[in-house]
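These notes are about the structure you will find just below.
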Amino acid sequence: MTARRWIEPSVLPGFGPALGFTLFWLGLLVVLPLAALVARPWELGLEGFWRSVTEPRVLAALRLSFGAALAAAAVNVVFGLVVTWVLVRYDFPGRRFADAVVDLPFALPTAVAGIALTAIYAGNGWIGSFLEPLGIKVAYTPLGVLVAMVFVGLPFVVRSVQPVMQDLDAELEEAAETLGANPVQRVVKVILPALAPACVTGFALAFARALGEYGSVIFIAGNMPLVSEIAPLLIVIRLEQFDYAGAAAVGLVMLGLAALGLLTINLSQVILARRGAA
Amino acid sequence: MRSVGLKRPASLGAFLLLAVAVAWLAVVIVLPLISVFAEALRKGVGEYLEAFRDPDAQAAIRLTLLVAGICVPLNAVFGLAAAWAVAKFDFRGKGFLLTLIDLPFSISPVISGLVWVLLFGANGWFGPALEAAGIRIIFTVSALVLATLLVTLPFVARELIPLMAEQGADEETAAVTLGAGGWTTFTRVTLPNVKWALLYGVLLCTARAMGEFGAVSVVSGHIRGKTNTMPLHVEVLYNEYDFVGAFAVASLLAGLALVTLALKTGLEWRYAGELSAGRRH
């Protein structure tokens with residue numbers, strides 16, 4: 001018995017150059033830059049780092065970014081499920097158009113989305129002028145941040161759930177129907193549990209995207225310190241003051257908290273999948 | 001197993017769901033898209049076209065094309081190399097490599113810009129040494145290229161790796177065994193098998209390279225006519241209250257997004273079987 005080789009033998013050539021270039025490119029563009037992000041905040045010392053990331057303005061920005069990203073992802077799960085259901089189950093004129101339109105937030109540059117949403121939700125905008133008399137202000141408030149995050153996150157839940165919903169076994173639903181389950185019971189007891197892991201994936205992707213989002217948010221947010229200022233903007237502000245370590249500190253905390261959030265979500269997915277299989 | 005399939009909405013509940021879904025897509029997605037063009041044309045076609053006569057707007061368009069023209073081919077080559085190594089060979093550490101390739105997708109664009117300032121800025125690791133040698137990176141086109149390269153790194157690789165892994169190495173092995181050279185095998189066997197997926201990845205990569213805002217915003221310095229790409233020029237005009245100008249340039253980007261979406265949808269319909277599994281719907 002020989003020791004396990006790190007690569008299986010193959011007659012195909014080119015492994016060396018291909019892997020070499022891949023590692024070079026990743027090292028240059030991903031590993032080296034991220035090493036700087038991980039290393040630089042500690043120039044402040046442990047205490048300085050802590051003071052830098054617990055300033056009230058930073059805490060407020062992190063709270064807004066996380067809170068709004070979670071809320072936006074939740075909204076996207078609810079409406080994403082409705083949209084996916086309609087796209088997968090119903091035959092209606094314009095279905096393929098609606099299906100294609102779902103991906104627009106992937107394709108539309110964020111700055112364009114940002115100024116368009118601001119124009120719509122400002123006091124004199126198409127939607128803002130309806131909401132203003134009701135006392136609801138969206139543009140230049142934390143609500144505006146939520147609106148922008150819902151926009152950028154919309155495709156994720158739909159695209160995560162769609163393939164699973166398409167593959168749902170018709171016989172399961174028919175069996176439930178035969179056994180006397182009403183439509184609501186069929187959805188709650190049969191369909192939703194099967195979709196749960198995909199929903200969690202979509203939620204996680206939408207959350208991660210919304211958390212880091214910058215372009216579409218800063219125009220509509222108003223960017224008031226302590227009120228409607230998001231964490232990525234704080235990085236930009238600190239860089240403009242040449243506070244590199246402080247900017248990197250906020251960046252590192254964002255990455256750390258995002259990783260923690262995604263880890264939690266992944267764990268819950270494992271549990272959901274196990275329950276689904278049982 | 002069979003799936004449920006499409007049927008016409010029959011019950012009241014079905015119509016209600018349909019109405020909610022259509023209204024949601026209309027308000028969240030279609031309305032902002034329409035508003036871009038409406039705002040751009042608010043003062044008439046003359047003013048709209050006038051916005052493109054601005055030399056700074058033209059410089060922004062040229063710069064956007066230049067940055068995308070550099071970044072997309074490089075990341076396409078990277079995607080092909082990474083997919084060849086990862087999908088056609090079995091080696092340890094593959095999972096870690098895949099995570100690294102995907103990483104730029106889960107980083108905030110602002111962080112993708114910040115890291116270059118940490119390396120090459122005035123207080124960066126290599127900034128002072130390069131400055132002494134007369135080389136500036138931050139606030140120049142080089143920085144825009146680096147930031148865009150990082151943001152768009154995964155696009156082509158992600159389309160190719162699942163497809164090439166699914167296709168396996170049998171055809172290539174046969175070609176090589178029959179005496180074909182490595183390059184011939186790659187260009188005559190592998191490339192034809194993945195050409196639509198490659199095009200799909202290049203399409204998404206191009207759209208993102210031209211539309212990227214956060215990462216390039218951090219490293220550009222917003223020098224009009226010099227380091228402003230189209231999205232950055234939109235911001236500058238908007239902050240100067242030149243709304244028609246801002247939305248005019250934005251309408252060009254929105255048009256680009258629509259073309260991307262149309263081509264992407266076309267590829268999904270026409271060549272579904274030749275794209276990676278996640279794209280077949």
Side-chain angles (χ1 to χ4, degrees), chain A residues 6-8 10-15 18-19 21-22 25-26 29-30 33-34 36-37 40 79 82-83 85-86 90-92 98 100-101 103-104 107-113 115-117 119-120 150-151 154 162 166-170 208 212 214-215 232 235-236 239 242 244 247-248 251 254, chain B residues 1-4 6-9 17-18 20-21 24-25 28-29 31-32 35-36 39 78 81-82 84-85 88-92 100 103 106 108-111 114-115 117-119 123 125 149-150 153 169 172-173 176 182 207 211 213-214 231 234-235 238 246 250 253-254 257 260-261 265 281:
Chain A
W6 76 280
I7 171 163
E8 294 293 317
S10 162
V11 298
L12 294 185
F15 176 71
L19 186 70
F21 181 67
T22 303
W25 204 241
L26 286 172
L29 290 171
V30 180
L34 286 183
L37 180 71
R40 297 250 1 205
F79 285 94
V82 175
V83 169
W85 179 265
V86 166
Y90 299 143
D91 182 22
F92 61 97
V101 138
D103 279 333
L104 188 79
L108 194 67
T110 55
V112 178
I115 62 171
L117 290 170
I120 292 176
V150 166
F151 175 83
L154 188 142
Q162 201 168 24
Q166 263 160 355
D167 287 347
L168 276 186
D169 195 346
Y214 178 70
I235 295 178
V236 174
L239 272 183
F242 291 97
Y244 285 17
M254 269 182 69
Chain B
M1 198 179 99
R2 76 199 149 82
S3 55
V4 176
L6 290 172
K7 57 175 187 232
R8 297 215 149 258
L17 279 176
L18 183 60
V20 169
W24 180 249
L25 291 179
V28 177
I29 293 181
L31 209 55
S35 86
V36 173
E39 295 286 335
F78 163 76
W84 182 262
K88 301 290 177 191
F89 297 87
D90 258 322
F91 58 95
R92 274 200 260 176
L100 269 187
L103 203 55
S106 33
S108 168
V110 170
I111 294 180
L114 162 74
V115 289
V117 182
L118 296 179
L119 289 175
N123 302 332
W125 277 352
L149 278 176
L150 170 52
L153 181 135
E172 283 85 358
T173 308
V176 169
F213 176 75
V234 168
E235 183 195 19
Y238 189 85
L253 287 167
T260 305
L261 212 56
T265 309
H281 60 83

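Naming convention: chains lettered A, B, ... in sequence-line order (proteins, then strands); numbering from 1 in each chain.
- For A:L239, the part lying under 4.5 angstrom from a heavy atom of chain B is the side chain only.
- Contacts of B:T265 with chain A are made by side-chain atoms alone, with heavy-atom separations under 4.5 Å and no backbone atom involved.
- In this view, B:E39 and B:R42 satisfy the salt bridge (charged side-chain N to carboxylate O under 4.0 Å, His left out) rule, not counting sequence neighbours.
- Options B:I29, B:V115, B:T260 differ in how many heavy-atom pairs under 4.5 Å they form with chain A, and the most are formed by B:I29.
- A:D91 and B:R8 get closest at one heavy-atom pair: O-NH1, 3.7 Å.
- For B:L103, the part lying under 4.5 angstrom from a heavy atom of chain A is the side chain only.
- Only the side chain of A:L154 has a heavy atom closer than 4.5 Å to any heavy atom of chain B.
- By the 4.5 Å heavy-atom criterion applied to side chains, A:L26 and B:F78 are counted as neighbours.
- Per-residue counts of heavy-atom pairs under 4.5 Å with chain A were compared for B:L261, B:V28, B:L150, B:I111; the largest is that of B:L261.
- Contacts between B:V176 and chain A at a heavy-atom distance below 4.5 Å involve the side chain alone, from C-beta outward.
- With a threshold of 4.5 angstrom between heavy atoms, A:A36 approaches chain B through its backbone and through its side chain.
- Both the backbone and the side chain of B:W125 come within less than 4.5 Å of a heavy atom in chain A.
- A:Y90 is linked by a side chain to side chain donor-acceptor pair (under 3.5 Å) to A:W85, counting only residues two or more places apart in sequence or in another chain.
- In this structure, A:W6 and B:F91 have perpendicular ring planes: the angle between them is above 60°, well past the 30° mark.
- Considering only heavy-atom pairs separated by less than 4.5 Å from chain B, the leading option among A:G251, A:A107, A:S10 is A:A107.
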*What do the steps show when you test B:W24 against A:V82 for side-chain contact (heavy atoms from CB on, under 4.5 Å), and what is the final call?*
CA-CA 9 Å; B:W24 180 249; A:V82 175; over 6 Å; no
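- For chain A, the nearby parts of B:L100 are the backbone and the side chain; heavy atoms of each come within less than 4.5 Å.
- Between the side chain of A:R40 and the main chain of A:Y244, no donor-acceptor pair closer than 3.5 Å is present.
- B:L153 touches chain A through its side chain: at least one heavy atom from C-beta onward sits under 4.5 Å away, while N, CA, C and O do not.
- With respect to chain A, the highest number of heavy-atom pairs below 4.5 Å among B:S35, B:A250, B:G182, B:G211 belongs to B:S35.
- Annotation for B:L118 and A:A248: closest pair CD1-CB, 3.8 Å, computed over non-hydrogen atoms.
- If you tally non-hydrogen atom pairs under 4.5 Å between each of B:A207, B:P231, B:P9 and chain A, the highest count goes to B:P9.
- Of the two parts of B:F89, only the side chain, counted from C-beta on, holds a non-hydrogen atom closer than 4.5 Å to a non-hydrogen atom of chain A.
- Contacts of B:V234 with chain A are made by side-chain atoms alone, with heavy-atom separations under 4.5 Å and no backbone atom involved.
- Between A:Y214 and B:G214 the shortest heavy-atom distance is CD2-CA, 3.6 Å.
- Within the 4.5 angstrom heavy-atom criterion, only side-chain atoms of A:I120, from C-beta onward, approach chain B.
- The choice from A:A111, A:G215, A:P33 that makes the most heavy-atom pairs within less than 4.5 Å of chain B is A:P33.
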